[in-house]
Amino acid sequence: MAALPVPEHHPVGPGHVGVPDVEEAFTRVSAAAPEGWRVELIEGEIHVTPPANGEHEEFVTEASDQITLRRLDRTLRSYTGIGLNVPGASATGHVVPDIVVAPKGSFDNDLEWHEPSAVLMVVEVTSDSTAGNDRFKKIRGYARAAVPLYLLIDREAKRVTLGSVPEGDDYAKKTSYKLGLAVPLPDPLGFDLDTAEF
């Protein structure tokens, strides 16, 4: 994964508001990225990530399937590939969580990047190249956006952490479990995620 720092603003002339360079660069990099590569804007840096390996996708698919089959609130959906706007060092950040849990119809439009107000939970599964962002930078963005739940499945550390009660740049409550144990997800999900299945 490559991180490309970009200046946030540049002047466009006397009396004019600056144009966000980072957004322009992000748009150009996104357009040039090969199909299947993920391009995100996280805290003022552009991150380009190659397609995930098979084990990563097995974890994502298992978590998504359990959410779909076991959730108490049947109006909730488990989305993959949804782009979210989250606050960051720039005016906005653009991230693509591995899984987004939100009510059906929350993203029923033609936008590429969505406001996170309807999101109940985001799930990130770490890879060697993304673990730092998943453990630190993205959690700050999700907390700032007031996403109620953040589930981090850390393959390298063999831990699963559930963050809840977003406050400022972090989650006030974090509970960590050894990978392989059941992780209780609160209502309206209301089930134990069985990480032994990963």
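Counting begins at 1 with the first residue of the sequence.
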Problem set entry | Distance (rounded to the nearest 0.5 Å) between His94 NE2 and Ile46 CD1 | 9.5 Å
Problem set entry | Leu41 CG to His47 NE2 distance, which is reported to the nearest 0.5 Å | 8.0 Å
For this session: Would you sort out whether Ile42 and Val95 count as a side chain to side chain contact (heavy atoms under 4.5 Å, CB included), showing the intermediate values?
Result: CA-CA 7 Å; Ile42 304 170; Val95 297; 3.9 Å; yes
Please tabulate, one pair per line, all N/O donor-acceptor pairs under 3.5 Å involving side-chain atoms of residues 100-108, not counting sequence neighbours.
unit_1, atom_1, unit_2, atom_2, d
Ser106, OG, Pro103, O, 2.6

Seminar exercise, completed: Tracing side-chain contacts under 4.5 Å among Ile, Leu, Val, Met, Phe, Trp and Tyr outward from Leu181 reaches none
For this session: Sequence neighbours left out, what passes side-chain contact (heavy atoms from CB on, under 4.5 Å) with Leu69? Give chain and number order.
Result: none
Problem set entry | Contact summary for Val147 and Tyr171, nearest pair of heavy atoms | O-OH, 2.7 Å
For this session: Please determine if Arg144 and Asp169 form a salt bridge, counting it only when a charged side-chain N lies under 4.0 Å from a carboxylate O.
Result: yes
Problem set entry | Separation of Thr195 OG1 from Arg159 CZ (nearest 0.5 Å) | 10.0 Å
Seminar exercise, completed: Contacts of Arg155 meeting salt bridge (charged side-chain N to carboxylate O under 4.0 Å, His left out) (sequence neighbours excluded), chain-then-number -> Glu55
Exercise. Are Lys138 and Glu40 close enough for a salt bridge, meaning some N to O gap below 4.0 Å?
Worked result: yes
Problem set entry | Least distance between heavy atoms, Asp192 atom then Pro184 atom | OD1-CA, 3.2 Å
Exercise. In Å and rounded to the nearest 0.5 Å, what is the CG to CZ distance from Leu179 to Phe198?
Worked result: 7.0 Å
Exercise. Same cluster for Val39 and Val22 if Ile/Leu/Val/Met/Phe/Trp/Tyr side chains link at under 4.5 Å?
Worked result: yes
Seminar exercise, completed: Nearest heavy-atom contact between Ala131 and Glu156 is CB-OE1, 4.2 Å
Exercise. Does Thr126 offer a backbone N or O that forms a donor-acceptor pair with the side chain of Thr130 under 3.5 Å?
Worked result: no
Validation: residues 56-66 side-chain donor-acceptor distances under 3.5 Å, sequence neighbours left out:
unit_1, atom_1, unit_2, atom_2, d
His56, NE2, Asp98, OD2, 3.4
His56, NE2, Val125, O, 3.0
Thr61, OG1, Glu57, O, 2.8
Glu62, OE2, Gln66, NE2, 2.9
Ser64, OG, Ser78, OG, 2.9
Gln66, OE1, Arg70, NH1, 2.9
Gln66, OE1, Asp194, N, 2.8
Gln66, NE2, Asp194, O, 3.0

Exercise. Do Tyr142 and Glu124 have side-chain atoms, one donor and one acceptor, less than 3.5 Å apart?
Worked result: yes
Exercise. What's the spacing between Arg71 CZ and Phe191 CZ if we round to 0.5 Å?
Worked result: 9.5 Å
Exercise. Run the salt bridge (Lys or Arg N to Asp or Glu O under 4.0 Å) check on Asp170 and Arg140 step by step: do they pass?
Worked result: CA-CA 5 Å; Asp170 205 352; Arg140 290 194 289 262; over 6 Å; no
For this session: Starting at CZ of Phe26, measure out to CD of Glu45 and round the result to the nearest 0.5 Å.
Result: 13.5 Å
Seminar exercise, completed: Checking Leu185, Val123, Leu162 against Leu193 for side-chain contact (heavy atoms from CB on, under 4.5 Å), the one that qualifies is Leu185
For this session: Go through the structure and list residues passing side-chain contact (heavy atoms from CB on, under 4.5 Å) with Pro188, not counting sequence neighbours.
Result: Asp73, Leu76, Leu120
